[in-house]
Amino acid sequence: MNILLTGGAGYIGSHIAVALTDAGHRISIVDNFVNSVPEAIVRVEKITGKNIVLHKTDVTDREDLTRILHDEKPDCVIHCAGLKSVGESVKKPLKYYRNNINTTLSLLESMKETGIERLVFSSSATVYGEDNIPPFTETMPKGRCANPYGWTKWMQEQIIEDVVKQLKISTVILRYFNPTGAHKSGLIGEEPNGLPNNLMPYILQVADGRREHLTVFGDDYNTPDGTCRRDYIHVMDLAEAHLKAAEYVEKNKGLDVFNIGRGIPCSVLELVKAFEEASEQTIKYEIGSRRDGDVQDIWADTSKAEEVLGWQVHRGINEMCQDAWNWQKKNPAGYAK
Ligand code: UFG
């Protein structure tokens with residue numbers, strides 16, 4: 001297939017680019033590099049040995065995007081472009097609503113204009129209401145999101161649902177749980193902007209000496225060790241889910257939604273321990289107070305993705321930790337030379 005990937009230079013997008021290219025698909029990337037760097041695409045080319053077509057454009061620039069879709073004529077669009085920092089979204093809600101909603105409106109309008117008929121959308125487990133009890137199934141109540149970022153994902157899902165029905169665009173929505181790790185090569189990985197918000201990037205910076213210690217946000221939850229549990233998934237397993245989704249929309253009409261996680265809970269302290277074992281580093285940590293908006297337990301029921309998409313997870317927590325540490329060691333300054 002000829003697949004156009006928005007946000008393809010980002011952490012998740014670059015891994016999807018590798019998975020699709022390795023599977024023999026031809027891809028083109030649209031990215032504005034607001035939270036990514038062109039070097040990531042150079043590295044994808046190095047891993048895959050293939051040239052990647054790059055359009056440096058903002059997805060919200062509808063005219064330009066329409067021109068690109070018209071020229072590329074993709075069989076399918078995978079839409080990953082968007083702002084993703086939960087904390088920043090609370091401080092700058094307008095920026096998040098304007099950008100994230102507009103990327104999807106612009107893309108759908110351009111797809112309508114150019115007659116592109118297949119879409120895969122990157123959504124998030126954050127769309128599930130806070131009151132659900134894990135494992136989360138796709139049909140559980142949604143909305144009541146904890147922050148503006150979450151609302152933008154949920155609103156984009158709503159917009160997509162209404163529009164693709166009417167335009168008859170075959171669509172898969174993937175709800176990501178907690179992607180982590182990096183490609184085996186250590187050439188691509190996650191590059192947080194400033195102080196990391198997420199657990200694994202923070203652990204990595206403690207491991208390489210940049211931060212003195214990790215603060216564990218609360219150990220008084222009702223879990224076996226008192227810390228919150230999440231569903232960490234290797235970013236290459238997540239990337240492979242996009243490959244399956246693209247192949248699925250090629251053959252199936254309508255709209256379908258899938259959880260993409262491992263379906264196995266892992267606590268903060270369990271991840272710290274697993275990282276210490278995988279990296280042979282000691283992670284100094286202190287117990288702090290709970291973080292606002294944190295939910296105690298989040299993990300997926302992944303049976304639908306396994307049964308319908310024929311997708312399976314191949315990598316465990318140990319591999320996530322090893323690959324994340326390999327990326328960090330090889331790229332202490334991220335993509336900067
Ligand atoms: N945590 C710490 N210390 C840190 C960072 C995180 O103890 O320095 C804890 C958090 O309290 C939480 C767990 O580690 O219990 C995971 O936190 P992350 O910030 O890594 O991930 P979240 O589950 O909070 O959020 C992630 C994505 C969001 C997405 C959400 C969906 O970052 O974009 O999953 O469930 F919306």
Side-chain angles (χ1 to χ4, degrees), residues 7 10-12 35 80 82-90 96 100 122-132 134-136 140 142-157 173-181 190 192-207 210-233 235 238 259-263 265-275 283-302 317 320-321 324:
Y11 168 47
I12 290 167
N35 198 18
C80 294
L83 300 172
K84 59 164 191 178
S85 161
V86 169
E88 192 193 29
S89 81
V90 175
Y96 270 67
N100 288 4
S122 304
S123 191
S124 164
T126 190
V127 302
Y128 292 111
E130 290 176 22
D131 309 328
N132 290 316
F136 292 179
M140 274 183 166
K142 283 152 298 278
R144 302 196 60 230
C145 302
N147 51 67
Y149 161 76
W151 280 111
T152 68
K153 284 292 178 192
W154 177 229
M155 288 175 185
Q156 287 175 91
E157 283 201 18
I173 292 175
L174 300 178
R175 294 192 184 128
Y176 306 169
F177 281 70
N178 289 66
T180 190
E190 185 169 16
N193 226 338
L195 188 72
N197 296 308
N198 297 117
L199 182 55
M200 181 63 91
Y202 208 104
I203 290 176
L204 289 171
Q205 294 197 3
V206 175
R210 226 177 314 170
R211 312 266 167 209
E212 211 234 313
H213 67 270
L214 169 77
T215 302
V216 174
F217 297 140
D219 70 347
D220 55 352
Y221 288 94
N222 186 20
T223 61
D225 64 18
T227 65
C228 288
R229 292 181 293 184
R230 293 291 181 271
D231 189 346
Y232 299 97
I233 173 169
V235 65
L238 177 70
N259 285 337
I260 302 298
R262 273 195 331 139
C266 172
S267 75
V268 176
L269 290 179
E270 281 169 344
L271 190 70
V272 169
K273 191 161 174 283
F275 185 86
I283 302 301
K284 228 175 121 189
Y285 69 84
E286 286 178 3
I287 306 294
S289 48
R290 290 183 176 197
R291 182 171 70 175
D292 273 355
D294 261 346
V295 178
Q296 176 176 294
D297 281 326
I298 299 180
W299 68 91
D301 179 327
T302 57
I317 293 280
M320 291 178 220
C321 294

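Whatever order the structure lists ligands and atoms in, that order sets their numbers, starting from 1. This structure is a prediction, so every number in the text was calculated from the model and none was measured. Residues take their numbers from the sequence shown, with the count starting at 1.
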Can you name the nearest heavy-atom pair linking [X] to [Y], along with the distance?
X	Y	answer
R262	I317	NH2-CG1, 3.2 Å
R230	D297	NH1-N, 4.3 Å
G261	T302	O-CG2, 3.2 Å
V216	T227	CG1-CG2, 3.7 Å
G263	P265	O-CD, 4.1 Å
T126	C145	O-SG, 3.8 Å

Only heavy atoms of [X], strictly under 4.0 Å: list the atoms of ligand 1 that pass.
X	result
L214	3 (N), 4 (C), 8 (O)
S124	29 (C), 31 (C), 36 (F)
A125	35 (O)
V216	7 (O)
C228	15 (O)

Residue-ligand contact [X]/ligand 1, heavy atom below 4.0 Å:
X	answer
G150	no
Y232	yes
Y176	no

Partner set under side-chain hydrogen bond (donor to acceptor under 3.5 Å, both in side chains) for N132, not counting sequence neighbours: none
Looking at ligand 1, does any of its N/O atoms fall within less than 3.5 Å of an N/O of [X]?
X	value
T215	yes
N198	yes
R230	yes
L199	yes
I298	no

Please check: side-chain N/O of [X] versus main-chain N/O of [Y], any donor-acceptor pairing under 3.5 Å?
X	Y	result
N259	D301	yes
K84	Y149	no
Y96	S85	yes

Shortest protein contact, [atom] (heavy atom only):
atom	result
atom 33 (O) of ligand 1	Y149 CE2, 3.5 Å
atom 11 (O) of ligand 1	D294 OD2, 2.4 Å
atom 2 (C) of ligand 1	F217 CD1, 3.3 Å
atom 34 (O) of ligand 1	N178 ND2, 3.7 Å
atom 28 (C) of ligand 1	V86 CG2, 4.0 Å
atom 17 (O) of ligand 1	R291 NH2, 3.4 Å

Are E157 and R175 within salt-bridge range, i.e. N to O under 4.0 Å? yes
Mode of V268 contact toward ligand 1 - side chain, backbone, both, neither (heavy atoms, under 4.0 Å): side chain
For ligand 1, which part of N197 has a heavy atom less than 4.0 Å away: the side chain, the backbone, both, or neither? backbone
Counting only heavy atoms from other residues, nucleotides and ligands, does the tally under 6.0 Å from CZ of R210 exceed 12? yes
Return all side-chain donor-acceptor pairs below 3.5 angstrom for residues 288-295, not counting sequence neighbours, or 'none' if the list is empty.
unit_1	atom_1	unit_2	atom_2	d
R290	NE	D220	OD1	3.0
R290	NH2	D220	O	3.0
R291	NE	D294	OD1	3.3
R291	NE	D294	OD2	3.3
R291	NH1	N197	O	3.3
R291	NH2	D294	OD1	3.1

